[in-house]
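Down below is the structure, laid out as structure tokens.
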Amino acid sequence: MRRLIVRRLLQTLPMLFFVSIVCFILVKVAPGDPVRSFVTPNMHAADIERIRHNLGLDKPAYIQYFIWLKECLTGNFGYSLVNHKPVLGQIVERLPATAGLMASAIALAVILAIPMGLVAGANRNRWVDKLVNMIAYIGISLPLFWLAILLMYFFSIKMHWLPSMGMRTIGTNSALDVIKHGLLPCVVLAIGFLTVYVRYIRSSTISQLKEDYVQIQYAFGSAKRIILFRHVLKHVLLPVITLLGMSMGDLVAGAIVTETVFSWPGIGSLGMTAVRGMDYPVIMGITLFSSVLLILGNLLADILYGIVDPRIKTTR
Amino acid sequence: MKGSKWVNVARELKGNKLGIAAVILLLVITLAAIFAFLSSKDPNQINALERLKPPGQGHWFGTDDYGRDTFARALYGGRVSLMVGFLSMIIATAIGVTVGIISGYFGGWIDSLLMRFLDIIMSIPSFLILLLLSVYLKPSVGNIIIIISLLMWMSISRVVRAETMALKQREYVLYAKASGQSSFRIIWKHILPGLLSVIIVSATNNIASAIMMESSLSFLGFGVHQPDATWGSMLNGAQGYIAQAPYMAVFPGLLIFLTVLCFNILGDILRIGLEPKLGKR
């Protein structure tokens, strides 16, 4: 077990290194001069050169990269070109909104996906299965931003049941208010996760039902319902943990569109604003942040899988 | 052998009402997009007197905030969306198959190098890269196609690599090798035909995801620009008028949904028909 963790960690380090290079290049080749946001009309050329020097932009690119990397490792992701606030601070400030939204969306998806996947897998090719399959088809084909607009139209504009944007009503500070604001974006995101989870749980239920322990339970005369929810569920549930690890990578990028539609003040909409305003340090920070989450999420998923299913050691 | 596979697909399609419906619907949408010029309406004709008209006589899908006919715009938008879907799929498949075959057939350090490269690209959230690149490059249909295909080839090359590694061990390939045929000839004559079904299946699914990516980008305002319509950019425009003119959002979204749904259904039918060893889901 420990060897698996060490090996995966060793694989992860170079990955993180290369990803940081890619992030750096992506922003380095971008059009536009980062100095421009500091330039005022009555500045001399010498002043502009001094700013360039202070930003380290007169050094060769590879030295700029190492300076940037060193700063990143000490927690300094640079400053926004637009509002001059520290990038990491802005990301951390927005993190609770995104993480809360994502966590509730994933929780909702898991709660719905488990019974759906189990029942569909146990009744393969019957009408329940076909219904669940149809829902999964619709889920993967539905443009989530369209769903978001339609839900917003119906629940907010037509029926006035829920607020259509933001996270809080100005002047109120109650949990209920935040829940009301978050309900629609949460449902939209949950549908995205749900389809993936249902397919996974369904196929793992099908393979579990072929296992010996299920046949033995049948031989003992246990009811199908009991076998399914007492024994199979346990085996199906553990791999779901690994799915959650993989969902970590979606934390930022997965919510960009949904957060934008509902003006949810999370990292996704921060990223959108940065892209619109060509705010490179913020774009670089968010890209690096979400890539690291994705890599760590996969690492976590692999390690958890190794703990849950020790057989994995021999095959990897 | 190849013939019997297509017989399988035909049989699978015949018993599947959903599949037949998907094929017919796709044909209708594609033909409507191709023959959009037969429509008497100009998709970019601005008419201040006809702003935000609900669907009805004269305007089947209503009109938008500039008084443009939404039906005509949906037809022409479908052209762009479908074209982006098809061309991105073709480029992505070409890159993915090439990389996958090289990696799987030659193995060794080439394989490790290519696969590590793949891992790195895949560990940056693709939608983020998509956004970044579409900001850097000038937004045009051509650039969007290139960007989307650059983000889609990875999954195909993984599948192709695995399949190539399996095919490489087959006896007829080993004989061909022993008889001194060149690597290129072996790949062309013996490996590629065996990969055909995997390629077709992932290509079909990739059209669906390319259309989805283009729509999301255009919806956020980074895709194809005004006045040219795509389904995604029509939704972008509709968002601001959702209270007055909700029908503006209904039709383009429905078209994206149905097109993507049909390609996904078709992809599954092809998979079951072409790769029976995977079994029915």
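Proteins come first, then strands; the chains are lettered A, B, ... in the order of their sequence lines, and each starts at number 1.
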Tell me which donor-acceptor pairs under 3.5 Å the side chains of residues 10-25 of chain A have, and how far apart each pair is, sequence neighbours excluded?
residue, atom, partner, partner atom, Å
Q11(A), OE1, R8(A), NH1, 3.2
T12(A), OG1, R8(A), O, 2.7
S20(A), OG, F17(A), O, 2.5
S20(A), OG, Y65(A), OH, 2.6

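Residues P143(A) and G253(B) come closest through the heavy atom pair CG-O, 4.2 Å. Contact record, F145(A) with L235(B): CE1-CD1, 3.4 Å, taken as the closest heavy-atom pair.
The candidate with the highest count of non-hydrogen atom pairs below 4.5 Å against chain B, out of I286(A), L147(A), V275(A), is V275(A). Counting heavy-atom pairs under 4.5 Å between each of L18(B), D119(B), I265(B) and chain A puts I265(B) at the top.
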Next item on the list: Please test S215(B) against W146(A) for side-chain contact (heavy atoms from CB on, under 4.5 Å), starting from the C-alpha separation and ending with a verdict.
Entry: CA-CA 10 Å; S215(B) 309; W146(A) 184 53; over 6 Å; no

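Contacts of A208(B) with chain A are absent, with no heavy-atom separation under 4.5 Å from either backbone or side chain. For I211(B), no part sits under 4.5 Å from any heavy atom of chain A, backbone or side chain. For L293(A), no part lies near chain B; criterion is any non-hydrogen pair under 4.5 Å. Heavy-atom distances place both the backbone and the side chain of L142(A) under 4.5 Å from chain B. Heavy-atom distances place the side chain of M134(A), and not its backbone, under 4.5 Å from chain B. In this structure, the portion of I256(A) lying under 4.5 Å from any heavy atom of chain B is its side chain and not its backbone. No part of S203(A) comes within reach of chain B, as not one of its non-hydrogen atoms sits under 4.5 angstrom from that chain. Looking at L144(A), there are no atoms closer than 4.5 Å to chain B (heavy atoms on both sides), in backbone or side chain.
Inspection of non-hydrogen atoms places I256(B), F257(B), V260(B), L261(B) of residues 256-263 of chain B under 4.5 Å from chain A. Residues of residues 258-274 of chain A lying within less than 4.5 angstrom of chain B, judged on heavy atoms, are T260(A), V261(A), M272(A) in numerical order.
Applying the side chain to side chain donor-acceptor pair (under 3.5 Å) test to S290(A) and every residue at least two apart in sequence or in another chain returns nothing.
In this structure the side chain of L294(A) never reaches within 4.5 angstrom of the side chain of M122(B), judged on heavy atoms.
The OH atom of Y137(A) sits 3.5 Å away from the CG atom of D268(B) when rounded to the nearest 0.5 Å.
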